Each structure stands twice: as structure tokens, then as C-alpha cells.
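Take a look at the structure below.
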Amino acid sequence: HVIFYSTNMRLRLPLLCIILEVILIILFGTLVEYNDDTHAMLWNENRTDSATRNDHENEFYYRYPSFQDVHVMIFVGFGFLMTFLQRYGFSSVGFNFLIAAFSLQWATLMQGFFHGLHHGKIHVGVTSMINADFCTGSVLISFGAVLGKTSPVQLLVMAIFEVTLFAVNEFILLSILGINDAGGSMTIHTFGAYFGLMVTRVLYRPNLDKSKHRNSSVYHSDLFAMIGTIYLWMFWPSFNSAITNYGDPQHRTAMNTYYSLAACTLATFAFSALVNPEGKLDMVHIQNAALAGGVAVGTAGEMMLTAFGAMIVGFLAGTISVLGYKYLTPVLESKLKIQDTCGIHNLHGMPGVLGAVVGAVTAALASPDVYGHGLQRVFADVETGKWNPQSRGGFQAISLAVTLGMALFGGLITGFILKLPIYGAPPDTHCFEDGLYWENMLLYKTISPVYLRNNIENVQQTCDSLSDH
Amino acid sequence: HVIFYSTNMRLRLPLLCIILEVILIILFGTLVEYNDDTHAMLWNENRTDSATRNDHENEFYYRYPSFQDVHVMIFVGFGFLMTFLQRYGFSSVGFNFLIAAFSLQWATLMQGFFHGLHHGKIHVGVTSMINADFCTGSVLISFGAVLGKTSPVQLLVMAIFEVTLFAVNEFILLSILGINDAGGSMTIHTFGAYFGLMVTRVLYRPNLDKSKHRNSSVYHSDLFAMIGTIYLWMFWPSFNSAITNYGDPQHRTAMNTYYSLAACTLATFAFSALVNPEGKLDMVHIQNAALAGGVAVGTAGEMMLTAFGAMIVGFLAGTISVLGYKYLTPVLESKLKIQDTCGIHNLHGMPGVLGAVVGAVTAALASPDVYGHGLQRVFADVETGKWNPQSRGGFQAISLAVTLGMALFGGLITGFILKLPIYGAPPDTHCFEDGLYWENMLLYKTISPVYLRNNIENVQQTCDSLSDH
Amino acid sequence: HVIFYSTNMRLRLPLLCIILEVILIILFGTLVEYNDDTHAMLWNENRTDSATRNDHENEFYYRYPSFQDVHVMIFVGFGFLMTFLQRYGFSSVGFNFLIAAFSLQWATLMQGFFHGLHHGKIHVGVTSMINADFCTGSVLISFGAVLGKTSPVQLLVMAIFEVTLFAVNEFILLSILGINDAGGSMTIHTFGAYFGLMVTRVLYRPNLDKSKHRNSSVYHSDLFAMIGTIYLWMFWPSFNSAITNYGDPQHRTAMNTYYSLAACTLATFAFSALVNPEGKLDMVHIQNAALAGGVAVGTAGEMMLTAFGAMIVGFLAGTISVLGYKYLTPVLESKLKIQDTCGIHNLHGMPGVLGAVVGAVTAALASPDVYGHGLQRVFADVETGKWNPQSRGGFQAISLAVTLGMALFGGLITGFILKLPIYGAPPDTHCFEDGLYWENMLLYKTISPVYLRNNIENVQQTCDSLSDH
């Protein structure tokens, strides 16, 4: 069977996984070291200087609960959000699992290499773990655009390039331009979205409608997807606050995100009903647009945005996201040939850009009058004494442009690399189909119509055993 | 189609959501401010007084992990617990999401207005977020009573009134009577349950049996519901301890709740099997009664109840809850015309009252001999020097009466408001049915009998595509 | 009906649950006391000695977030991981819930009795709660081996014996031999696995293939199982670090586990595709083998293993686990008559032994040069001044032998006790079947073939009501 041969993963996937992991292990062995807070000698050296116990000042206690919430978002949130497709649940959760597990290791190295070297070594601890998970989130956003149309080998190759470019972009924004983006409206969401959109554009499939009967949800798959949605929604306050400064910034960011998401949810329900002729709610909107409020305060959340400001931003984000799903996504597909399976442009693209703009404006409006001594704890380079709100806002805006450029260019290159016919990508007739890459799918048929038709006798037996009691 | 017109949400739901959110945003802009722990200037002003870093004393680090656990209970716990109905999963999770997102904003204002004003402003931080989530929990308990029989517009209107009355009742109990109820046996569970029971009594539908074939679970819907149950069960220790005093009270409350729930679970399994003629377990009991132990130590959990005491209370709570489902719920429906979809009387009503009584007794038994200097950290007004255990216990008991009165009266008024024929409530024939308010329900039919019957040809094609490989 | 009679739980289960809970309550009342950090008087006595507030030093703030993660692993992780069987979801989550709720209470007593007595009293707090959950985990591992083939009464009886022997083994290892095993590679995983394997060996059913059509997954049951997998995977860093020393050990353990699991996941996907003729991935491997990396760093995780070392261990663990599922499990069943439903030998057995070996080697390689003052914070008896890496490693290795002996011997005895024909075990024809112990299973048939066949008329009506709109 030609189809099977071409999508057979028996050599490709194991070879790539093993080679990648061996390279990772070698690089970790060469380059990675415990940081001051994870190293037995270093942490306790510092401790003995002081008479008092200071274990509670280990960054672990400030960051680990947030890390775990972020971790849940990456693996359960993204993974289950994408199970909405009727026949792609295994791949959604499974490939999400695979590329996240790879990306977080690769991200540790790339982020460490570009902006975390200490005497040639990469120092790791809970903060690097959060940053690695963040970078992974960006890859998973792009995954949403190509969901159902790519092989796991393609996804791993995409992750190699995307993580690398993410780290470069992050380095330019945070280290060179010195801007704020703790929740990653730009670095994570805008970057991941436009990178993924460009990749799916390059991988355009004119005959994708051959699989269109599988490119939709069924009742239970939508409920599984809601598990993902709700976890992303609940833990987004932890996501945006995970790497802000200790104390008030972390606290404030979590709260701003909480209110933004609440307002966003009301906007989502309102516009979902409004754009439907019968006034019915659409699960696609609820699953996705309700999260846009978290994306849109990713940059400004740590600033003195106020709950009031956060709610306005959240409300706007939910609104544009629903309208995007309804009116923009079909146009993107028909006119620009962008087949965006999960609608990441509506959840991460536009809300990410909105978040960048809100961040630029909020930064430009910041002043010592409002922040007091807290100014330098939010905007790190204030200590140099040359606080200039206009240039602050300007650098934030430039960062958005840089991010868009990096994402589109990176996605273009990566898309062409992924177009090579060597990765076992699914044929047009078998997109959105777990059976291509997962075994034992026959079992599924025990409850499917085809099984019913072909195996009446077998069903009869099952029925008898069921009705025994 | 008359039915469709009357339940069409196209104008009603968007209008209500947008108006409510605009009002919320305006009130937040006018009334809400960062508190000392979330404000950049205020937090860092205090900091500079001291030579040592004190970020770890920000309330964020004491309360945020508990807040996130509570948040999971509200959105995943309540949301998925109610997915047990076979055709109401979207509405259970979705409407839970909507009314919770609204209620937490409205609760921030109402609770702030009644007992949190500082110079005319409402100060917000992680504690106010927990309290808002708590108040939301009360609304979601009432939602359980009317589940499947109300439109989202009705639910939002119910939330407006219930949150307001919750804040008034909480103010009377905590600020005027000065009682203890950290885990909300009275303020949350008793109030939410009897409010909801009165609402569903007023909304009594004599012809509800027209929808009875949908008012039950199927296999997978029960598994989704178990997700809700288990999350509520696991995080209940965080719920009860989330706003107790720092240190030993928070630690002790979590532990007492842990043991109460464990004992409650054994009682639930025991009595579930005992009341069934064939000795079979009932998922309804496991999903609900096993949680009663958390409700019943909501008041006394922070006191020196001991694991021993907690286990006795938990065991009793599980027992009365199972017996309630078995023997009381049918009577409530047939005699008192109370149609309680989720059986909230058994999970929140009776265990809430039990919790109030246990709290009164435990408070009356408290003494400096047992609590030492800790007495004033549990019972706040001890500092005045006039510790009187009898009056303590008395005030706790009075609080239960006040709560019951407020809940029943509030539920009565709210019920009559919700009875107006303007909210697009479902007809008797279409209760417990997602299809009324959610689009794309046809997709469900791809695996349903009706689809099978009507679309044999279509199925044939699907079968062929499935059996391709 | 003879079958029904024999598996009827009406008297057996309630009697056992109630008697056990009454005994637990009496023993708790007699033996259990609040520890210094949960007792109102004791905690605040210490506080007044100092001028500064020290609530943040309550162990609650160091351990409670980790406890909650462990709690999720026990109840959601184990519970849902076992829902992979098509007709055993209620029992998987439900019996997991029951025996965990019992075991954590019994474990508190047994662990307290064997190595936690203070003047004849057992002191409890968050650390004892974590340890009780750990011991419960061991019972749930054994549950995986006998899943589908035991009644809830049998499982409770197994828990009584296993918890007791777990506490004895733990006492020998930690208190007598003084070894390290914070994440329980030996005490939890090796013990639980070989105990369970021996129990299932003694309970060998030669005619189990009469139920083999139910001993497999369906599409949605595999997705439910992935909820369990992902939660176990995400929170394993918290599991391994939950009871390590404060500060760097806790931080380091979490990070080592994080990297071990990531590497393990890549190995799992690689070998799952490699061992399949068509190169397809097997859900059984992804659900289980990807977790082996957490098991295998359970002992060495707190040591200076480095991310590099952790990744090698994780990669090995994933590899042997997949190979075990593919090649060893069938042999164990056919040659050794070990029917291991969940393949615990591959997830907990072999990786546990690997973890013990890695721990012994890493301990033997430890030195003050690497750990500095941190040495005594990882290896507690260093304070005595007689640090001897060889004997350290030796004691670790001896501990593995002791654990294996205790587990096999304990499993043997317990297996014979469970073989008595008094517990209502399922007949060979009705293993892996919820209907035996759960009521309302008829509802399941609304979507099943048998219902379709037998109730065409009924279906017709349902169809009509569905197609109303």
C-alpha cells in the first residue's frame, strides 16, 4: 500500500528522536550546570554566611507553584484544547507531548546560549524551566495552525527551527532592546502565531477538502477540548506572572490577568451568540476566544494597568477573537491560502498584537508618580536614572515589528524545509486522522458504524455478553 | 418554529452580557484600587523602610497556591461535576464558565462595597480574588439545582441577585456577628443550597417528565463528571484553608479537611452499596456524597477539631448525603415540588447545616487551655480580652438561622423574578438539552442512532473512508 | 442468579468500610496529635519567643504546593491512567478513590507507629500527609496489576496488608539502614510493583481469556487515560521533591526529574514506533513508558545527578519500559502466569530497580568536593563525621534487596489471603466489567449496539426527540 509506506514512521521517527536526544544529552553534559539555587555547594555556601536560615529565599518557593501551573498549561492545556477534532485526539495530546518534551530541552540550550551564559556555561533552575516551557508554548501555538496535516517528524523539525529563532528573537527583545514582555504577548504569542501561519501557508494543500469530514468535532471531543480551555484559562494568571519580579509585580500581574480573562469571557459569549443567526453559542469560540484576554495582557499585565484597564483589554480581545473566527478565518483560507486548523490567528495572533500595543502604551504612560520605588522593579533599566517613557513605548513598539519580521521570515524558511517530501506527511485524503500514526485503531471501530456493518456477528456476541447481567 | 424563537439568545444574551460588562468596567474604574501588596508604589514604600528584603511576606506567597486550587474547583470542579447529564455537557461547563466569570467580577464589587471599603475605595489582591471565587461557588451551587431547566440569561440574572445577597449575608455574619466561617459551611454552602432550592421550587415544572429521558447520565458523561468530583475532593483542603490566618490555622485547616474527606469517602461507598438491593454502587453517590466531608468541616476546620473530630464529622456527612440522595430527594420532588437536578440539598444543604452546627459546638468548646496564644489567631475578637465560649457558640448558631432566612427569602424573590417569560427558558420538552443553546449539534449525530437511520448512505461513505487503511 | 449473588457487595462492602473507618477513628482519637506546625498552642508558643513574624517558616509553605501535586497524582493520575479499559472506567476511578481514601488514613497510623512516635503519639502535619499519599501510591501500583480482576473488598484487604508492610519496609530502609529514597524508587515503586506482581501471580486465572474482549481500550477510554498520564508526568517533579530537605535539594530534585521525564518521553516515542511493523505508535507505551523517567530518578533525584545524568537515566528508563511492554509482558503471562493488567512491571518494576541502582551509584560517587556544606543536607548522617561513600552505596544496594524480599514475601502472603472465596471477586467471564459492581449500567446501552438491536422502537423515539430541532 503506497500510502502506508510513505507515512510509515518506523525508521524516521525513532532515528530522529534518538539522534536529537543524544545530541541534547551531549550538549547538556558539556554546557549545563546547576545554578546557585540548585547547586548543593553553592546554595549552602551562601547560607553559612548568615546566622539565619534562608531556605525560603530559594527561588524555588517564589516560582515553583507558578511553574507547575505553566507546565499544566503546556501539556494539558494545549494538548487537550486540540483534541476537539473527532479523529485526532491521540495525535493532539500525543504529538503535543512529544514536541513539548523535545522543545523544553532544546529551549534550555538555545535560551541559555543566547542570553544566559555564565563563563561559558548555562545555569539552570526553576526560572530556566519556566522560560523553556514558555518557548515550548510558542511551538505549540504553531502546531495549532498545522494540526492534522503534519507528521510527528515534521513537527520535531519545525520545533528545532522555531525554538532557535524564538531564542534569537527573545534575545533581541529582552537583552538588546531591553523591553518588557513577561507574559509573552510578543515573544510567545505573536511570534508563535505568525510563524505557524507562515508555515501553514507554505504547506498549503489545495485538496484538503478531501479530509473535511474529519476536520470537525463530535460531542465528546468538544468536551475533552474544554478540559484544555479551562486549564489554560484558570492558570493564565500564573503564566503571565511566572517570571515577573518577586512581590508586587508577580501579585499584580496575576490579578490583572484574572480580571482580563473574566471580562473576555463575557465578550466571547456575547459575540458568539450575536454572530449566529439562531443566537446559538459556538463551542469553537468558547474554547478559544475566551482565552484571548490572557494573551492580550501578556505584556502590560505586570505594569500598573489596573483591573479597570485589564477588563477593557480583555473585553476587546474576546471581541476581536470571536469576530476573527467568524469573518476572518474563512477569508484567510480562501484568499490567502492560510489553512489555520485551530484558528491561532484569532487566539494568539491578533490578541498578541493587541497585547503588544497595550504594552507599548502602558509603558509610555508609566511614571515614578504612579510606580514610586516600584518603577525600577518593573522596568529594569530605570536604575540608570534615564527614565524616558516615550522611548520606552517606542522600543516596545519596535519589538512588535521585530517579532513579526522574525516570525514571518522564520516561518517561511521553516515551511519550505518542511515541504520536502521526506517526513511522511499525511496525504490529503488522510489528514485529521489518528489511524495513520497510531496503532490499534481498529478497536475504535467496536463502537463505529463500519464495525457495526462489517461485523454483525461479532457485535451479536458482544451484545450477548453485555446482556448477560 | 415557535420553540426556537422563544429560546433564541441572539439579542438577549449579547445585550445582557455587554451591558453587565460595561457596568462592571465603569464601577471598577471608579471604585477599585490595588491594595498594599499589589500596588507598585505602596508595596515598595514599605519595603524601603527595612534593610532586609521582605518580598516573601507579600500575601501572594501565602495565598496564591490556595487561590489557584480554589479556582480549579470553581471552573473545573463545578463545571465538570455537572457534565453527568448525557446531553448537557456543553451547557454544564459552558454556562458554569459564563456565570462564574461574571460572578467573580460582581462579587469583587459587592464584597468590597459591603465589607472592604477603604476611604470609599475597594482594595483588591489575592484575598479578594479568593473571596470572589468563594461567592461564585455559592452561585454555582444554586446552578446545580436548576441545571438543565434555565437559559443562560436566567442564570446571569440569578447571579446578579445571589451575589448581592451573599455579600449582605457575609457582611452580617463576619462583620456584625463576628463569627468564624473560613470554609463557608454557612456563607457558601448553606446559603447557596437553600437559595437554589427555593429558586427551583418557584420555577417548579409540573411537566418536566417530558424531558426525563435526557435527565440521566451515560457512561462517558459519568466519567467526565468524575473529573469534577475528584478535583473538588482533592483541592477542598485548599478551599477551607484559603483565607484562614497564616501559619498554624491554614496548615491545620487543610489537614482537618483532608481527613474529613477521607472518612467521608468510606462512608459514601459503604452506604451507596448498602441502600442498593443488589449491593451495587451508584455513581451519583460517589460523585457527590464523597464531597460532603469538605462541606461539613467548612466552619470548624480551622479550629482545634483534631483529625479524630474531622473524621467523625466527615463520616456523618457522607452518610446523611447518601441517605439524602436515596430517600429525601424523591420526597422533596414529589411532596415539596423541589426539582433539584444535582441534589445540592444532599451535597451542600444538609452537610452545610451539619458544618454550621459542628462549628458552633467546636467554638463553644474552645479555650485558652487548648489554643494558647493561638486563640486570638483563630477567633479574632479575643484580643478584646472578653473571651466567652458560650456566646461564641451562640453567635455561630444565630448565623446559621440568619443564613437560612436570607437564602430562603432571597431565593423566593429571585425565583419570582426568574419566572418572568422573557429569558428564553427551555420548554418542558427540551430541558437537559444542549442543542437549544449550542450550535453544530448535528455533528453529534454522526455517532447517534438518528444519524445512522437517516444517513445510511453518508455512513457508508464514512465507513469506506475509515476502512481505507 | 448465582453470579450476582456471589459478587453482591450489599453486606460485605458496607460492613468492611464501616468497621475499618470506626477502627481508624478510634485509633486516631487515641494516638494522633497535631504537630508543632499545626497545633494552635505549640506553633504560637514558639512564635512569641521571637520579635519577628515567622509564619512563612511553617512547613505548610514549603510543602503544601508539592503535597497538592502529589494528591493530584494519586487521585487523578492513578485513577484516570487506569480508565483505559473500555468497560472499567467507573471501577478504575472509583475503586482507586476508595482504596486511596482508606490507605492514606491507615498509612498515617502505620508510618507514625513504625517511625514517627513522639512520646507514644503520632504527630501529623503536611509531611505526614505527603508520606501517607506516597504509601497510598504503592497500593495503587499494585492495584494496576490486579485491575479488573478483583472486588473492592479484596482491594481494601490488600491495602490493609500492603500499607502495613510498606511501613515496615520503609522503617528498615530509612530508619535502620539510613538510606536515601526521597522519591521512592525503592520504597514506593519497586515495593508496590513486586508486591502487586506476586499478588496477581497467586490470583492467576487460567481462564481469563473469557473476558479478553473487554481487556482492551476504546478510543475515548484511551483519551481519559491520557489525562492520568499527563498529570502524573507533569507533577512527578513535585512527587520526587516533596519530602526532600528545604532549599537546594527540593529545587534540584524537581529539576532533575523534569529533565529525566523529557528525555524519557523521546525514548518512548522512538521505541514505540520502532517495535511496530508499520511504525505506528502504541497508546499503551505513551501512557505508561513515558512516566518511567520519573520512577528511575526517585532515589538519585535529590543528589547531584545533574540534568545530564537525569536525561541518560530517563532515556534508559523509557527504553526498557517500552521493550518490556512489547517483549516481556507476554512472556510473564505465558511462562510465569503473571497477569499484569496495566503492565506495572514495565512502569514501576524495572524502572524502580533501575532507580535503586542509579541511586546507589550516585550515592557512592558523592563527596564533599561536589556537595560542600550541602552534603549533610542530602545525606543526613554525614553529621556524624564518618562519611563513607562506599558503604553509602552499599546500604542503598542492600535496601533494594530488602525491598524486593519484603514485596515478594508480602505479596505472596497477601495473595493467598485474597484467594479465599469470600470477597465477591468477579468470575472469569465478567472481569474488566463495571456492570458487576456499579448500577445504572443499562444507560450505557443507549449508545451501544445491543441497545440498538433490542430497542429499535425506543431508539426511534429518541431519534424523533433529537430531530425536533
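Note that this is a predicted model, so its numbers are computed, not measured. Here is how names work: the chains are called A, B, and so on, in the same order as the sequence lines, proteins then strands, and each is numbered from 1.
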Checking side-chain polar atoms at under 3.5 Å, does Asp133(C) have a donor or acceptor matched by the opposite partner on Tyr258(B)? yes

Taking the six-membered ring for Trp, are His251(B) and Tyr34(C) closer than 6.0 Å centroid to centroid? no

Would you mind checking which part of Ala263(B) comes under 4.5 Å of any heavy atom in chain C, side chain (CB onward), backbone (N, CA, C, O), both or neither? both

May I ask you to decide if Gly435(C)'s main-chain N or O and Lys280(B)'s side chain share a donor-acceptor pair within less than 3.5 Å? yes

Most contact-rich option vs chain C, by heavy-atom pairs under 4.5 angstrom, among Gly372(B), Gly247(B), Gly374(B), is Gly247(B)

Kindly give the heavy-atom pair with the smallest separation between Met9(C) and Ala273(B), and that separation in Å. O-CB, 4.1 Å

Val284(B), part contacting chain C, at a heavy-atom distance under 4.5 Å: neither

Within-4.5 Å side-chain heavy-atom neighbours: Val124(C) and Met255(B): yes

Quick check: does any side chain N or O of Asn8(C) sit under 3.5 Å from a backbone N or O of Glu278(B), one acting as donor and the other as acceptor? yes

Would you mind checking which part of Val22(C) comes under 4.5 Å of any heavy atom in chain B, side chain (CB onward), backbone (N, CA, C, O), both or neither? neither

Do the side chains of Asp55(C) and Arg377(B) get close enough for a salt bridge, i.e. N-O under 4.0 angstrom? yes

Using the side-chain hydrogen bond (donor to acceptor under 3.5 Å, both in side chains) rule, pick out the option among Asn44(C), Asn58(C), Asn35(C) that qualifies with Asp248(B). Asn44(C)

For Tyr61(B), is there any backbone N or O sitting under 3.5 Å from a side-chain donor or acceptor partner on Tyr61(C)? no

Candidate list Trp438(C), Phe90(C), Phe224(C), test ring pair (Phe, Tyr, Trp, His ring centres under 6.0 Å), partner Tyr219(B), passing option: Phe90(C)

Give, for atom CG of Leu281(B) and atom CG of Leu13(C), the distance between the pair rounded to the nearest 0.5 Å. 6.0 Å

Checking Phe97(C) against chain B: side chain, backbone, both or neither under 4.5 Å from a heavy atom? both

